[in-house]
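Let me begin by presenting the structure, written as structure tokens, before commenting on it.
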Amino acid sequence: MSRPCLSFGLVAALLLAGCGGDQPQVPTASNPASYTGIGVTAETARLEGVARRLALALGDSTFRARMYAQLQSSAYPEGKLHLQRTFQVANRTALRSMARLNGESESVTDSALRATRALEVYLPVPAHRAQWKGDTRLLVATADRDGDIPVAYDLKGGRHLLDPTRPPQTPVLAVVPVETDFDLPPVRSLVTCVPTADDGCGGGGGGGGGGGSLVAEPGLYMTRAHFDDDFEGWLKGSSEFEIHIMGQRGATDSLVKYQCAGEHRSSPYYWDGENTWSGTVMLFSQTGINAYHAAHPGETFRIVAMEDDDTSCEMRVDPNRWKTFVATIGPLYRDITGATDSGTTRKWVVAGKSLEKLLSALASWIKTNDDLIGNAIEDKVVGEFHTGYNWILRADDNITHGWIKLEMR
């Protein structure tokens, strides 16, 4: 996970500021001496106007009660709301209220909301969601990217800089770029679960997707996963782990996504996993595998784990970084960094050579936020073994970031 290097002076200032009880554990923006070689990014600065407007509006009890009710009634994970849609619907009542409470015209407030990228608003820290009951003890914070210094406003418009590595005691309402697909209804696993003697239907170690045997089509499934980090800063809320199936694009040496399992996918690809998870989620249907083999005889596909910091199930990794990663890791394992089914009556998933080294050009212009957890490589190829798992996630510098269990069903 990408985080800025904090100077000793900044760390000390942040830790000292954390001793103030109900006060946010931050040095104020008027104390630039606390910062050496680090500051608010230009992208975050462009979001400050929206965060400040929302904070000032939340100083009004009626506006705050309405916002609290909307957050509580949200059906999306972590109580998320699409900020622009929330304030530009219902006859624009909320927008007019925000404008009035900021002492500006409706058109100015509307322009400020439209000028920024799509934003979502929610309380990302579980303890904060439990604590905040619609009172004035609240900060509104924003940051463009995971690891950026968050800029926060109190309900009187005071500006603060937060520690990007740990949340303050004061509840924080985040205003951050959209990760959730608000064009789709909230997704939950709908596949019928048939309990097994091993793990029942509840799954283990947290996370969604259920456990046991699923009544679904044949294909490649993941039944266990472990990651050694959450790869997510506190302002970005809970981790959104995804598993991407990447395969050959046409007759090129480039890779393109064929399937994805994640939090915003429908069943049987719905998967809301945590750092340690067990259950059942399909990664690639047998129909999809057969079609891939027919179009690309002898080619394997790659299984790649990501932590999503942007649009769900879209791999946004800098192509140059990916090319360097594959060029480094491939020779270590004689390019046996892909996967395929055995092709026999008794099917299982096996390792195979993957020579495709480039990402589709689609990603070349995207400023990425996504974290590469690792390319799945069979344990016997890596020479690393973990009980109950059979594929290892290797990332940059050949570092292991986790392991998963794959099986054909």
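The chain is numbered in sequence order, starting from 1. Because the structure is a prediction, the values reported are computed rather than measured.
- Taking a cutoff of 4.0 Å between a charged side-chain nitrogen and a carboxylate oxygen, Arg145 and Asp148 do not qualify as a salt bridge.
- His82 contributes atom NE2, which lies 8.5 Å from atom CD of Glu120 (distance to the nearest 0.5 angstrom).
- Across all their heavy atoms, Ala51 and Val140 have their closest contact at O-CG1, 3.6 Å.
- For Ile404 against Ala225, the heavy-atom pair with the smallest separation is CG2-CB, 3.8 Å.
- Nearest heavy atom pair, residue Pro171 against residue Gln131, reads CG-OE1, 3.9 Å.
- Phe385 pairs by the ring-ring contact (aromatic ring centres under 6.0 Å, His included) definition with nothing, not counting sequence neighbours.
- Every residue two or more places apart in sequence or in another chain was checked for a ring-ring contact (aromatic ring centres under 6.0 Å, His included) with Tyr122, and none qualifies.
- Checked by atom type and distance alone, the side chain of Thr180 never pairs as donor or acceptor with a backbone atom of Phe182 at under 3.5 Å.
- Arg64 meets the side chain to side chain contact (heavy atoms under 4.5 Å, CB included) test with Leu58, Ser61, Trp132, Thr136, Leu155; sequence neighbours excluded.
- Side-chain contact annotation: Glu48 with Thr142, donor-acceptor N/O pair under 3.5 Å absent.
- The line from CG of Leu81 to CG of Leu71 is 4.5 Å long, rounded to the nearest 0.5 Å.
- Side chain to side chain, Asp154 and His160 meet the donor-acceptor criterion of an N or O pair below 3.5 Å.
- His296 contributes a side-chain N or O that, together with a main-chain N or O of Gly250, makes up a donor-acceptor pair within less than 3.5 Å.
- In this model, a donor atom of one side chain and an acceptor atom of the other lie less than 3.5 Å apart for Arg265 and Gln259.
- Considering all non-hydrogen atoms of both residues, Phe63 and Leu54 come closest at CE2-CD1, 3.9 Å.
- A donor-acceptor distance shorter than 3.5 angstrom exists from the side chain of Arg129 to the backbone of Leu123, with no hydrogens or angles considered.
- Although no hydrogens or angles enter the test, the distance criterion places a donor-acceptor pair under 3.5 Å between the side chain of Gln84 and the main chain of Arg117.
- For the atom pair CD of Glu217 and CZ of Arg409, the computed distance is 13.5 Å after rounding to the nearest 0.5 Å.
- Between Thr86 and Gln70, the side chains place no donor N or O within less than 3.5 Å of an acceptor N or O (distance only, hydrogens not considered).
- Remark: side-chain polar atoms of Tyr153 are not paired, donor with acceptor, to backbone N or O of Arg53 under 3.5 angstrom.
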**Study point:** CA sep, side-chain torsions, deciding dist, call: Asn375, Leu393, side chain to side chain contact (heavy atoms under 4.5 Å, CB included)
**Key:** CA-CA 5 Å; Asn375 187 117; Leu393 298 172; over 6 Å; no
**Study point:** salt bridge (charged side-chain N to carboxylate O under 4.0 Å, His left out) assessment of Asp144 paired with Arg46
**Key:** CA-CA 9 Å; Asp144 179 71; Arg46 285 194 284 270; over 6 Å; no
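- Both tests hold for Arg224 against Tyr389: distance to the six-membered ring centre under 6.0 Å, angle to the ring axis within 45°.
- For the atom pair Glu384 CD and Asp379 CG, the distance stands at 9.0 Å (nearest 0.5 Å).
- Closest approach of Trp391 and Glu378 over heavy atoms only: CE3-N, 3.1 Å.
- Ring planes of Tyr292 and Phe301: perpendicular class, angle over 60° (limits at 30 and 60°).
- Screening Ile373, Ile399, Val381, Val382 for a side chain to side chain contact (heavy atoms under 4.5 Å, CB included) with Arg394, the sole residue that qualifies is Val382.
- For the side chain to side chain contact (heavy atoms under 4.5 Å, CB included) test with Ile392, the passing option among His386, His401, Lys380 is His386; the others fail.
- Judged purely by atom type and a 3.5 angstrom limit, Trp271 has no side-chain atom pairing as donor or acceptor with the backbone of Met222.
- The minimum heavy-atom distance between Tyr269 and Ser285, with the atom names listed, is OH-N, 3.4 Å.
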